[in-house]
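Working notes, structure below.
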Amino acid sequence: TGDVKKTGKAGKPGTIGRLTGEKSPEQLREYVSECFGVSMYGKGDVDAIEDRLCRDKHAGCMLHFTRGEMPEGKIRDGEVLLQRQVSKRQGKANRKYYLDGITAHRLAIIRLTEKVRNCILVHLDDSMIKTRAGELDARSVWRAAYLGDGRIFQKHERTTDTELSVDLLLDASASQLQRQESVSAQAYILAESLTRCGVPVRVFSFCTVDNCTVVRIYRDYGEEKKNEAVFDYAAAGFNRDGLALRAAEYMLSRTPYENRLLITLSDCSPNDVKKITAASGRRSEYQGSAGVADSAAEVERLRRLGVRVMCVFTGEEADLPNARRIYGRELVRIRHISHFADAVGNVIVSLIGSM
């Protein structure tokens with residue numbers, strides 16, 4: 001974003017913007033809108049969402065939800081122009097990466113689709129529906145004679161006994177800069193495989209700029225033709241994982257689906273410039289054990305609300321203990337794309353089976 005580079009704990013790369021301490025909340029909202037896209041919500045709705053989510057450890061934080069639609073008008077801010085240019089270049093790099101490995105990527109889609117589809121079929125029930133052809137239902141013959149209703153036959157139809165949706169949450173912080181292409185490819189493989197299985201999918205990412213956590217939605221439920229939008233994924237800023245997970249819970253709470261699965265693609269290394277303020281008034285950095293504990297608490301809260309949560313770990317070996325602390329057993333680390341379908345598919349199958 002044209003920000004000054006900063007090295008956090010354990011050498012974790014991040015950014016600390018020239019915005020810090022210089023812009024009002026209104027100016028910051030305008031900045032993130034110009035960088036990442038206009039808000040999906042009006043001011044009143046945003047205030048209500050922040051009142052609900054930006055409390056206790058995240059008190060004073062801001063949220064911005066966007067579909068990535070840029071505001072009209074000429075760009076006057078050099079940082080905004082640079083951010084857009086960087087994001088556009090990264091989108092091209094993501095698409096090239098996927099195409100360069102298209103054989104392996106397509107194979108992963110085929111294998112993962114088969115795994116998930118077979119699992120879903122196991123959880124299907126037979127139901128009888130009225131039709132104009134099939135097995136005669138003697139009890140309904142009168143309907144043809146008196147009502148002209150030709151649906152006097154029955155046939156079996158396979159219908160799911162669980163309404164399943166899957167949300168993919170991508171960590172889009174600067175610590176992912178060296179693996180943006182692989183993260184976008186993995187997200188596309190997941191979205192495309194689930195779409196082929198007829199599962200409603202939503203894909204969104206998060207990063208934090210100054211005091212504002214940006215949630216970018218690439219494709220929503222019912223947008224089966226928009227899986228390639230995930231290639232617009234680009235990393236920037238910090239990552240306040242706990243607040244992002246709260247935002248995910250807020251979005252999930254507004255869906256009609258009974259059974260919900262949240263899959264995060266993350267390096268599991270929370271790090272944000274805004275500190276945590278405890279009930280005692282003591283302030284601590286949002287990184288290391290404090291950030292991990294907050295993220296783990298939010299994952300546990302999601303699970304208590306009935307949401308199945310798993311993580312596709314995208315980070316370094318040193319952060320694996322963090323990942324296990326946050327996500328427990330529902331954690332997958334992909335060493336090579338050829339292992340993706342089996343590793344991720346096994347956990348998804350296990351979670352669907354437990355629904």
Side-chain angles (χ1 to χ4, degrees), residues 1-9 12-66 68 71 77-80 82-83 87 169-176 204-217 234-251 266 269-279 281-288 290-292 294-295 297-298:
T1 60
D3 295 337
V4 180
K5 289 290 181 182
K6 171 191 174 182
T7 300
K9 189 173 181 180
K12 181 180 184 298
T15 56
I16 180 166
R18 284 175 277 170
L19 289 171
T20 305
E22 294 181 8
K23 288 189 180 289
S24 67
E26 291 73 22
Q27 291 172 323
L28 178 55
R29 290 190 195 280
E30 182 181 359
Y31 176 81
V32 297
S33 292
E34 291 180 340
C35 284
F36 301 100
V38 297
S39 176
M40 294 165 49
Y41 303 115
K43 184 179 185 305
D45 290 331
V46 172
D47 289 344
I49 294 170
E50 290 179 347
D51 285 343
R52 173 176 169 177
L53 304 181
C54 300
R55 48 186 170 75
D56 46 68
K57 292 181 180 179
H58 305 292
C61 292
M62 296 163 54
L63 283 163
H64 182 78
F65 295 83
T66 181
D77 190 317
E79 287 191 16
V80 171
L82 177 60
Q83 169 63 25
S87 295
L169 175 61
L170 317 182
D171 175 357
S173 65
S175 58
Q176 299 275 53
F204 53 107
S205 67
F206 74 95
C207 69
T208 302
V209 177
D210 194 356
N211 194 35
C212 184
T213 293
V214 179
V215 178
R216 162 74 191 277
I217 298 177
F238 286 86
N239 53 310
R240 198 173 186 91
D241 294 43
L243 183 54
L245 288 163
R246 283 191 186 183
E249 188 276 319
Y250 170 77
M251 295 169 67
S266 173
S269 184
N271 183 25
D272 189 23
V273 66
K274 184 173 176 60
K275 296 183 177 182
I276 299 172
T277 302
R282 182 174 175 273
R283 291 169 61 80
S284 59
E285 300 289 338
Y286 194 87
Q287 61 180 15
V292 169
D294 177 60
S295 303
E298 294 301 330

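Any value given below was found using the heavy atoms of this structure, including those in side chains, with hydrogens, waters and symmetry copies removed. All values derive from a computational prediction rather than experimental measurement.
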State, yes or no, whether a side-chain contact exists between [X] and [Y] at a heavy-atom distance under 4.5 Å.
X: Y286; Y: S295; value: yes
X: F36; Y: S87; value: no
X: T66; Y: V215; value: no
X: L169; Y: L245; value: yes
X: M251; Y: F65; value: yes
X: Y31; Y: E79; value: yes
X: P71; Y: E34; value: yes

- prompt: Residues in side-chain hydrogen bond (donor to acceptor under 3.5 Å, both in side chains) with S33, at least two apart?
  reply: none
field: Residues in side-chain hydrogen bond (donor to acceptor under 3.5 Å, both in side chains) contact with D47, at least two apart in sequence or another chain
entry: K43
Atom [atom1] in [X], atom [atom2] in [Y]: separation rounded to 0.5 Å?
X: K275; Y: E285; atom1: NZ; atom2: CD; value: 4.5 Å
X: D210; Y: L28; atom1: CG; atom2: CG; value: 5.0 Å
X: H58; Y: E298; atom1: NE2; atom2: CD; value: 5.5 Å
X: D294; Y: R240; atom1: CG; atom2: CZ; value: 7.0 Å

Does [X] use its side chain to pair, donor to acceptor, with the backbone of [Y] at less than 3.5 Å?
X: D171; Y: S173; value: yes
X: N211; Y: G60; value: yes
X: S205; Y: L170; value: no
X: H64; Y: V46; value: no
X: N239; Y: S269; value: yes

- request: Only counting residues at least two apart or in another chain, list the ones meeting salt bridge (Lys or Arg N to Asp or Glu O under 4.0 Å) with D56.
  value: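 So D56 forms a salt bridge (Lys or Arg N to Asp or Glu O under 4.0 Å) with R246.
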Using distance only, find each side-chain donor-acceptor pair of residues 48-55 under 3.5 Å and give its atom names and separation, not counting sequence neighbours.
unit_1: E50; atom_1: OE1; unit_2: R29; atom_2: NH2; d: 2.9
unit_1: E50; atom_1: OE2; unit_2: R29; atom_2: NH1; d: 3.2
unit_1: E50; atom_1: OE2; unit_2: R29; atom_2: NH2; d: 3.0
unit_1: E50; atom_1: OE2; unit_2: L63; atom_2: N; d: 2.9
unit_1: R55; atom_1: NE; unit_2: R52; atom_2: O; d: 2.6

- line: Hits for side-chain contact (heavy atoms from CB on, under 4.5 Å) against E26, two or more places apart or cross-chain, chain-then-number order -> S24
query: side-chain contact (heavy atoms from CB on, under 4.5 Å) with P25: which residues, sequence neighbours excluded?
result: M62
field: Worked verdict on S266 versus D241 for side chain to side chain contact (heavy atoms under 4.5 Å, CB included)
entry: CA-CA 9 Å; S266 173; D241 294 43; 3.8 Å; yes
